[in-house]
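Indexing begins at 1, ligand by ligand and atom by atom, following the structure's order. Since the model is a prediction, treat every value here as computed from it, not as a measurement.
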Amino acid sequence: MKNFKDKTVVITGAGSGIGRALAIEFGNQNAKLALNDFNMQTLQKTVDILKHKGVNNILTFAFDVSDKTLMNDFAQKVRSTFGNAHIVINNAGIGGSAEPAYLTDTDSYREVMDVNFFGVLNGCQSFLPQLVANNEGSIVNISSIFGLIGTPNNSAYCASKFAVRGYTESLAIEFHKSPINIHCVHPGGIKTNIAGDESDSEFVEKYLKTPPEQLAKRIIKGIQNKEVKIVFGTDAFKTWLGSNLLPQKLLNKLIWKEMNNILDIEKYKQFIKNL
Ligand code: NAD
């Protein structure tokens, strides 16, 4: 798909960061926008920005993407308002607890998986029939460079983003001979609110540098060119290269060198001692 005029574009997590930037880019291209976010206020702010730019074909539905029933309701609402969806961007996501794996409990893993993986799965399952009915379209699932490598203090997030990648790559094979295109996006550090309360930290300053508007433009180009894997943003290319070319032991050594300063070694020693 090269031209998005009057195409129906669904974006989850459109109340902030990458989702909002995508909504604005597709709005600029005269698409019909079906926008979701968990947070009604920030979603409304996105709508206000779009309206100010003269974009008026907007449907909003505030809900938690991990709720399958509500995702189905959203899909029905989109079809009855705009017709079948053409592009579905499963973008909504949360960060993990920023603790080492040995301190992260099962509920924290479930919480991240529910949004980051099952939210993506729900979006695909609820909207794929509409794309098939249109006989064209794109599913865009947002993974991360942390779906390419594992990093310290991030095991729940990494696990969820590897899950998105695995699921999306399987889907891409299954739809290989169809008019539906499947895209997996691996952003590097993008300057958004994903880090929440830690947004002033050294980590955020060092890694989250690429403006979301640049990524939104890159994703649109990737859809137009039918790219299955889109890798873009701070440190994304070198991460992709390292994960594809280096033996795991060497890769681990480099990641350790780059990131071991965020681990509390004394805490770890204490943990081992108490086993
Ligand atoms: P962000 O926090 O600015 O935006 C995420 C949006 O998702 C927020 O508006 C939030 O309210 C919404 N959301 C969270 N949980 C939700 C739920 N259960 N249901 C509906 N909406 C929900 O962050 P962002 O950086 O724009 O993140 C967008 C996506 O990009 C996420 O999947 C994130 O993991 C991924 N990503 C971000 C980066 C980065 O460096 N910022 C890098 C790689 C991948």
Side-chain angles (χ1 to χ4, degrees), residues 10-25 34-47 49 60-71 73-74 88-98 110-123 126 140-149 151 154 156-165 167-168 183-199 201 203-216 218-219 229-237 239-240:
V10 177
I11 305 169
T12 66
S16 175
I18 297 166
R20 177 177 286 167
L22 282 162
I24 292 169
E25 277 306 315
L35 307 180
N36 149 272
D37 203 284
F38 188 54
N39 183 327
M40 207 179 298
Q41 280 79 33
T42 57
L43 186 58
Q44 186 53 47
K45 174 92 173 73
T46 300
V47 172
I49 295 169
T60 57
F61 197 16
F63 69 97
D64 179 345
V65 290
S66 67
D67 187 322
K68 180 79 198 285
T69 306
L70 290 178
M71 187 66 85
D73 292 349
F74 184 37
V88 178
I89 307 183
N90 292 301
N91 163 75
I94 55 175
S97 58
R110 279 195 212 288
E111 192 190 337
V112 176
M113 288 298 287
D114 268 351
V115 179
N116 291 7
F117 175 65
F118 286 102
V120 168
L121 181 68
N122 289 342
S126 299
V140 182
N141 291 342
I142 309 292
S143 174
S144 169
I145 52 169
F146 295 153
L148 300 171
I149 58 165
T151 56
N154 223 357
Y157 186 78
C158 287
S160 71
K161 293 301 183 178
F162 269 80
V164 170
R165 173 190 172 186
Y167 169 71
T168 309
H183 313 263
C184 193
V185 184
H186 296 275
I190 310 295
K191 202 168 169 12
T192 69
N193 296 325
I194 187 97
D197 293 345
E198 290 170 61
S199 48
S201 73
F203 178 89
V204 170
E205 295 240 324
K206 186 171 173 194
Y207 293 110
L208 306 193
K209 289 199 285 216
T210 303
E213 295 76 19
Q214 282 184 18
L215 175 63
R218 178 66 187 84
I219 291 173
K229 198 180 258 303
I230 300 166
V231 179
F232 185 79
T234 310
D235 290 341
F237 183 67
T239 306
W240 172 80

Trainee: Can you tell me if Thr12 uses its side chain to pair, donor with acceptor, with the backbone of Ala92 under 3.5 Å?
Mentor: yes

Trainee: Is it the case that over 12 heavy atoms from other parts of the model lie below 6.0 angstrom from the CZ atom of Phe38?
Mentor: no

Trainee: Under a 4.5 Å cut-off applied to non-hydrogen side-chain atoms, are Gln214 and Ile190 in contact?
Mentor: no

Trainee: Is there side-chain contact between Asn36 and Phe63, with heavy atoms separated by less than 4.5 Å?
Mentor: yes

Trainee: Which residue supplies the protein heavy atom nearest to atom 26 (O) of ligand 1, what is that atom called, and how far is it?
Mentor: Ile18 N, 2.8 Å

Trainee: Please tell me if the side chains of Glu213 and Lys191 come closer than 4.5 Å, counting only heavy atoms from C-beta onward.
Mentor: no

Trainee: Relative to each other, are the rings of Phe74 and Phe61 parallel, tilted or perpendicular (30° and 60° limits)?
Mentor: tilted

Trainee: Is any side-chain heavy atom of Lys68 less than 4.5 Å from a side-chain heavy atom of Phe118?
Mentor: no

Trainee: Are any of the side-chain heavy atoms of Val115 and Val65 separated by less than 4.5 Å?
Mentor: yes

Trainee: Taking non-hydrogen atoms only, is Asp64 closer than 4.0 angstrom to ligand 1 via side chain, backbone, both or neither?
Mentor: both

Trainee: Give me the nearest non-hydrogen protein atom to atom 9 (O) of ligand 1 as residue plus atom name, then the distance to 0.1 Å.
Mentor: Asp37 OD2, 2.6 Å

Trainee: What protein heavy atom is closest to atom 35 (C) of ligand 1, reported as residue, atom name and distance in Å?
Mentor: Ile142 CG2, 3.7 Å

Trainee: Tell me the contacting part of Tyr157 for ligand 1: side chain, backbone, both, or neither, using a 4.0 Å heavy-atom threshold, strictly below.
Mentor: side chain

Trainee: Counting heavy atoms only, which part of Lys161 comes closer than 4.0 Å to ligand 1: side chain, backbone, both or neither?
Mentor: side chain

Trainee: Going by heavy atoms in the side chains, are Leu35 and Leu43 under 4.5 Å from each other?
Mentor: yes

Trainee: For atom 20 (C) of ligand 1, what's the nearest protein heavy-atom neighbour? Residue, atom name and distance, please.
Mentor: Phe38 N, 3.2 Å

Trainee: Can you pull out the closest protein heavy atom to atom 40 (O) of ligand 1? Residue, atom name and distance to 0.1 Å, please.
Mentor: Ile190 N, 2.7 Å

Trainee: Please state which part of Ser143 comes within less than 4.0 Å of ligand 1, counting heavy atoms only: side chain, backbone, both or neither.
Mentor: backbone

Trainee: Gly17 heavy atoms, cut-off 4.0 Å: which ligand 1 atoms fall inside?
Mentor: 3 (O), 26 (O)

Trainee: Tell me whether Ser16 has any N or O atom under 3.5 angstrom from an N or O of ligand 1.
Mentor: yes

Trainee: Quick check: does Ile145 get an N/O under 3.5 Å from an N/O on ligand 1?
Mentor: no

Trainee: In this structure, are over 12 heavy atoms from other groups packed under 6.0 Å from Lys45 atom NZ?
Mentor: no

Trainee: For Lys206, give me all partners under side chain to side chain donor-acceptor pair (under 3.5 Å), at least two apart in sequence or on another chain.
Mentor: Glu258

Trainee: Do Ile18 and Leu22 have side chains that get closer than 4.5 Å, going by heavy atoms?
Mentor: yes

Trainee: For ligand 1, find out whether one of its N or O atoms is nearer than 3.5 Å to an N or O atom of Thr192.
Mentor: yes

Trainee: Checking a contact table here: which protein heavy atom is nearest atom 19 (N) of ligand 1, and how many Å away?
Mentor: Val65 N, 3.0 Å

Trainee: Tell me: protein heavy atom nearest atom 5 (C) of ligand 1, and distance?
Mentor: Gly93 O, 3.9 Å

Trainee: Ile94 to ligand 1: N or O pair under 3.5 Å?
Mentor: no

Trainee: Regarding Thr46 and Arg20, is there a side-chain donor-to-acceptor distance under 3.5 Å anywhere?
Mentor: yes

Trainee: Would you please determine whether Thr12 falls within less than 4.0 Å of ligand 1 on a heavy-atom basis?
Mentor: no

Trainee: If you define the side chain from C-beta out and look only at heavy atoms, does anything of Val164 sit under 4.5 Å from Ile142?
Mentor: no

Trainee: Is ligand 1 under 4.0 Å from a heavy atom in the side chain of Asn91, in the backbone, in both, or in neither?
Mentor: both

Trainee: Applying a strict 4.0 Å limit to heavy atoms, is Phe63 in contact with ligand 1?
Mentor: yes

Trainee: Which ligand 1 atoms does Asn193 reach within 4.0 Å, using its non-hydrogen atoms?
Mentor: 2 (O), 3 (O)

Trainee: Does ligand 1 have a heavy atom under 4.0 Å from the side chain of Leu43, from its backbone, from both, or from neither?
Mentor: neither

Trainee: Among all the protein's non-hydrogen atoms, which is closest to atom 42 (C) of ligand 1, and how far away is it?
Mentor: Gly188 O, 3.2 Å

Trainee: If you measure from each heavy atom of Gly189 to ligand 1, is any distance below 4.0 Å?
Mentor: yes

